[in-house]
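Beneath this line is the structure, given in structure tokens, with notes to follow.
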Amino acid sequence: MSKKRKIGQQELDYMLQQHALWRYTNGDEGEGAEFEDMNLNGLDLSYQSLEGIEFRNVSFNKAKLYEASLMDSNFSNCTFHDADFTNAYMNNVALNKDKANRTKFDNADMVDVIINDCEFNECSFRDASIDYSCICDTGIINCKMNEAIFYKVAFNTMSFDGSNMKDAFVLKCNI
């Protein structure tokens, strides 16, 4: 495995600014952001637009993604330990072979999400809304799912061992 390049907050902010400009101008200005083999540990991505970004082998440990917009983004082989996705907008996001420990997804809006071969340990999904999604070959272990809403979600080869699903709503799902 290659060594991850650590970037600072200023460089990250500049990359995201250029990426937003690139998306807004349909590629005429700015530059599309690429994140591969990077260390974003401890950085603040709160309220940022991370839309349409491909993240490969990126660590987000202790990163703040509070109210970040992640629409159309893909995460592959990423780590999220003690990260915060509270109130994040995660429409049409793909998570593949990612690992999360003690990460907050509280009140996250997750629509048309594909979660494949991931591990979530001791995470919190309180009041999260997970709709029209597919979750396969994934472990959601010792997580807090209180009042989470699952609507029209397809589950395949899942484990919810030790997870608290108190008052969770599971409606029209394929389990």
Side-chain angles (χ1 to χ4, degrees), residues 16 19-20 23-24 33 35 40 44-175:
L16 294 177
H19 180 78
R23 279 186 59 95
Y24 180 75
F35 291 86
L40 304 181
D44 191 350
L45 296 96
S46 297
Y47 307 102
Q48 295 281 0
S49 172
L50 308 174
E51 296 177 0
I53 298 177
E54 183 86 25
F55 297 94
R56 289 180 300 279
N57 195 33
V58 175
S59 57
F60 291 89
N61 305 330
K62 297 186 179 179
K64 296 175 186 80
L65 294 109
Y66 184 87
E67 289 197 25
S69 180
L70 303 158
M71 185 173 70
D72 299 324
S73 293
N74 295 308
F75 298 84
S76 183
N77 293 307
C78 296
T79 58
F80 309 98
H81 305 306
D82 299 302
D84 188 352
F85 286 85
T86 300
N87 296 325
Y89 179 70
M90 301 176 76
N91 192 355
N92 199 34
V93 168
L95 299 165
N96 187 45
K97 299 185 181 194
D98 300 314
K99 295 181 186 339
N101 291 311
R102 297 173 308 279
T103 292
K104 291 182 185 177
F105 295 93
D106 296 344
N107 205 39
D109 189 13
M110 304 168 86
V111 178
D112 289 323
V113 173
I114 296 173
I115 300 173
N116 182 54
D117 197 17
C118 294
E119 295 176 21
F120 298 92
N121 292 298
E122 298 180 16
C123 295
S124 178
F125 291 87
R126 290 180 180 173
D127 295 312
S129 181
I130 305 167
D131 303 328
Y132 303 100
S133 298
C134 181
I135 306 174
C136 305
D137 301 319
T138 293
I140 298 177
I141 312 302
N142 296 319
C143 293
K144 295 175 183 133
M145 312 291 286
N146 306 58
E147 298 186 28
I149 299 171
F150 295 90
Y151 181 72
K152 291 192 175 184
V153 176
F155 296 101
N156 186 16
T157 316
M158 291 290 303
S159 173
F160 288 96
D161 290 348
S163 292
N164 181 351
M165 296 187 71
K166 183 177 185 215
D167 297 323
F169 300 96
V170 181
L171 306 167
K172 298 184 180 182
C173 294
N174 295 328
I175 300 175

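Every value quoted in this text rests on a predicted model; they were computed, and no experiment measured them.
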ask   = More than 12 heavy atoms of other residues, nucleotides or ligands under 6.0 Å from OH of Y24: is that the case?
value = no
Output for pair (L45 CG, Y66 OH), nearest 0.5 Å, gives 15.0 Å
- So, do N142 and N121 sit near enough that their side-chain heavy atoms are less than 4.5 Å apart? no
Of all heavy-atom pairs linking L95 and C118, the shortest is O-SG, 3.6 Å
message: Angle between ring planes, F60 versus F80, binned at 30° and 60°: parallel, tilted or perpendicular?
response: parallel
- Message: Counting only heavy atoms from other residues, nucleotides and ligands, does the tally under 6.0 Å from CD1 of I114 exceed 12?
- Response: no
Rounded to the nearest 0.5 angstrom, the CZ-CZ distance for F75 and F55 is 4.5 Å
Requested in this report: Would you sort out whether R102 and D82 count as a salt bridge (Lys or Arg N to Asp or Glu O under 4.0 Å), showing the intermediate values?
Outcome: CA-CA 5 Å; R102 297 173 308 279; D82 299 302; 3.0 Å; yes
One should read off an interatomic distance between R126 CZ and K104 NZ, to the nearest 0.5 angstrom, of 9.0 Å
In short, V153 meets Y132 closest at the heavy-atom pair CG2-N, 4.4 Å
One should read off an interatomic distance between L50 CG and Y89 OH, to the nearest 0.5 angstrom, of 13.5 Å
Heavy-atom nearest pair, C123 first then A100, reads SG-O, 3.6 Å
Any side-chain donor-acceptor pair under 3.5 Å between N107 and N87?
-> yes
In short, I140 meets M145 closest at the heavy-atom pair CG2-SD, 4.0 Å
Separation between CD1 (I115) and CE (M158), nearest 0.5 Å, reads 7.5 Å
Are any side-chain N or O atoms of S163 and backbone N or O atoms of C143, one a donor and one an acceptor, separated by less than 3.5 Å?
yes
In this structure, NZ of K152 is separated from NZ of K172 (nearest 0.5 Å) by 5.0 Å
For residues 67-81, the salt bridge (Lys or Arg N to Asp or Glu O under 4.0 Å) pairs (sequence neighbours left out) are none
* Passes side-chain contact (heavy atoms from CB on, under 4.5 Å), F150 versus M165? Steps please. -> CA-CA 11 Å; F150 295 90; M165 296 187 71; 3.9 Å; yes
### Query
Have N77 and N57 got a donor and an acceptor in their side chains that come within less than 3.5 Å?
no
Quiz prompt | Side chain to side chain, D106 and D127, heavy atoms closer than 4.5 Å | solution = no
Closest non-hydrogen contact found for D117 with T138 is N-OG1, 3.5 Å
Main-chain N/O of C78 paired with D98 side-chain donor or acceptor, under 3.5 Å: yes
Discussion item. Is there a side-chain contact between N164 and N146 in this structure, where contact means two heavy atoms from C-beta onward sitting under 4.5 Å apart?
Written reply: yes
task: Scan side-chain atoms only and decide if D84 and T86 contain a donor-acceptor pair under the 3.5 Å cut-off.
output: yes
Can you tell me how the ring of F160 sits relative to the ring of F155, calling it parallel under 30°, perpendicular over 60° and tilted otherwise?
perpendicular
Heavy-atom closest pair (V170 atom, C173 atom, distance to 0.1 Å) is CG1-SG, 3.7 Å
_Step-by-step side-chain contact (heavy atoms from CB on, under 4.5 Å) determination, N61 to T79_ = CA-CA 7 Å; N61 305 330; T79 58; 3.3 Å; yes
Q) Would you find a donor on one side and an acceptor on the other, under 3.5 Å apart, between the side chain of N156 and the backbone of C136? A) no
For the side chain of H81 and the backbone of S59, is there at least one donor-acceptor N/O pair under 3.5 Å apart? no
Can you tell me if S133 uses its side chain to pair, donor with acceptor, with the backbone of V113 under 3.5 Å? yes
